There are 2 protein chains.
Amino acid sequence: MKAEQKRRQELIAATIREIGAEGTLNVTVSQIAKRAGVSPGLAFHYFGDKEQLFLATMRSILRTYGVLIRANLVGKTEPVERLTAILETNFSPSQFEDGAVAAWLNFYVLAQTSPEAQRLLALYHRRFHSNLVYSLRPLAGDAAHGIAERLGGLVDGLYLRFALNRSHVDPGPAVAQVLKALEVELSALDG
Amino acid sequence: MKAEQKRRQELIAATIREIGAEGTLNVTVSQIAKRAGVSPGLAFHYFGDKEQLFLATMRSILRTYGVLIRANLVGKTEPVERLTAILETNFSPSQFEDGAVAAWLNFYVLAQTSPEAQRLLALYHRRFHSNLVYSLRPLAGDAAHGIAERLGGLVDGLYLRFALNRSHVDPGPAVAQVLKALEVELSALDG
DNA sequence: TGATTAATTGACTCGTCAGTCAATGGATTG
DNA sequence: CAATCCATTGACTGACGAGTCAATTAATCA
């Protein structure tokens with residue numbers, strides 16, 4: 001039904017905000033429900049239990065990311081242009097908004113023990129990787145795979161460091177480092 | 001006193017094991033105490049509260065890492081040799097033992113809200129960075145700083161990806177990628 | 001309208017857990 | 001030996017939270 005979808009969305013949004021506010025998955029379903037302006041029982045009605053709510057939230061975040069990256073690639077055909085767009089998307093404002101950072105960190109933790117979270121994360125990694133490889137291949141041939149692994153790792157690592165350093169506000173330097181790495185990798189090909 | 005230090009050590013070791021077993025900081029002080037073979041009250045006696053116990057555990061892990069890296073650098077004077085040792089240390093078996101992975105992930109989460117955890121993490125980052133810069137400077141001059149940032153980020157990112165992918169057992173490929181990145185960075189200097 | 005179905009509530013249960021504390025036991029010391 | 005101090009226990013409390021459920025309200029529809 002329409003109402004059901006709307007409620008789910010609202011509860012997921014509230015979950016992200018609440019996780020963001022607390023920094024942890026140690027948030028109560030009551031807090032989330034309160035933030036969404038509904039009774040606690042409703043969250044259980046729609047999601048069954050807390051973990052399902054978290055997983056639905058993770059799926060939502062990954063979906064949003066997927067939509068964003070596709071949007072940013074529209075009309076871009078040059079490999080370098082596409083690579084730049086992909087790498088920049090990971091540091092776009094939406095990735096730092098509200099509780100996105102907290103959600104990501106906690107989902108990493110969750111992925112250790114929840115097979116479903118693990119699956120979602122692996123899916124995200126695979127997509128990211130093949131996105132990169134697709135545009136790297138024409139530039140780097142067989143080296144594309146290795147370069148993509150390094151760029152992917154670098155993005156995760158710099159995102160992590162950036163997100164945890166509260167003195168940083170503007171992710172510009174992090175993006176610059178990633179793009180520099182791309183440049184370095186490409187220039188090393190002709191060595 | 002002697003007994004006090006011993007108990008603290010035992011409780012910290014038990015904390016790492018317990019976090020490793022659960023994957024989360026959602027472990028009870030009672031579980032930890034039980035694993036250490038003492039009564040729950042004793043943990044509070046020595047650490048005051050749960051967060052202090054976690055912070056002490058984090059300090060212990062960072063100290064162990066520091067000792068390890070210093071040991072691995074002994075006798076190495078060539079810059080590339082030192083860089084290799086530093087990078088490899090981050091993927092040495094001890095970094096994957098027991099609950100080390102879980103501890104790291106959860107301390108990232110904790111760092112969002114605990115100023116002390118934040119401080120410890122920043123300290124670790126600074127030390128790691130200056131270790132790298134020290135050996136990169138003779139090879140790369142002013143580029144040393146940028147290269148160190150990228151290598152540092154890459155290490156964190158690949159560690160994360162490796163640690164979360166249960167199908168991986170041997171961290172060899174991750175190390176190889178990091179060393180390859182170093183090679184690429186150095187070769188790009190003469191371009 | 002009246003009847004059927006879906007949405008929503010919030011009080012309640014049952015378990016759990018952080019942290020306290022009074023009591024016990026064991027050393028150490030004078 | 002007596003007195004003092006430290007280590008240690010584990011029962012206890014007070015609070016809180018996940019999940020249930022019977023009851024209420026709103027929407028749908030024939």
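Residue numbers begin at 1 in each chain, while the letters A, B, ... track the order of the sequences. Predicted model only: the values in this text are computed from it and were never measured.
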Worksheet item: Which part of the nucleic acid, if any, lies within reach of B/F47 when heavy atoms closer than 4.0 Å are counted: base, sugar-phosphate only, or nothing?
Response: nothing
Fill in: Side chain of B/S39 (C-beta onward), nearest among D/dT9, C/dT9, C/dA18
D/dT9
Item to complete: Could you please name the option among C/dT9, D/dA18, C/dG19 that lies closest to any side-chain atom of A/V29?
Response: D/dA18
Worksheet item: Salt-bridged, B/R59 to B/E116, with N to O below 4.0 Å?
Response: yes
Worksheet item: Does the pair B/K76/B/E81 count as a salt bridge with the N-to-O cut at 4.0 Å?
Response: no
Worksheet item: In Å and rounded to the nearest 0.5 Å, what is the OG to NZ distance from A/S39 to A/K34?
Response: 13.0 Å
Worksheet item: Can you tell me if the side-chain N/O atoms of A/R7 get under 4.0 Å from OP1 or OP2 in C/dT8?
Response: yes
Worksheet, complete the sentence: Whole-Å distance, A/I32 CD1 to D/dG17 C1', equals 12 Å
Worksheet item: Roughly, in whole Å, what's the span from CG in B/N26 to P in D/dG17?
Response: 12 Å
Practice prompt. Go through D/dA18, C/dT8, D/dT8 for me and flag the one nearest to the A/K50 side chain.
Written response: D/dA18
Practice prompt. Flag the pair A/F96 / A/F162 as yes when their ring centroid distance falls below 6.0 Å, and as no otherwise.
Written response: yes
Discussion item. Given D/dA7, C/dT20, C/dT8, identify the nucleotide with an atom nearest to the side chain of B/Y46.
Written reply: D/dA7
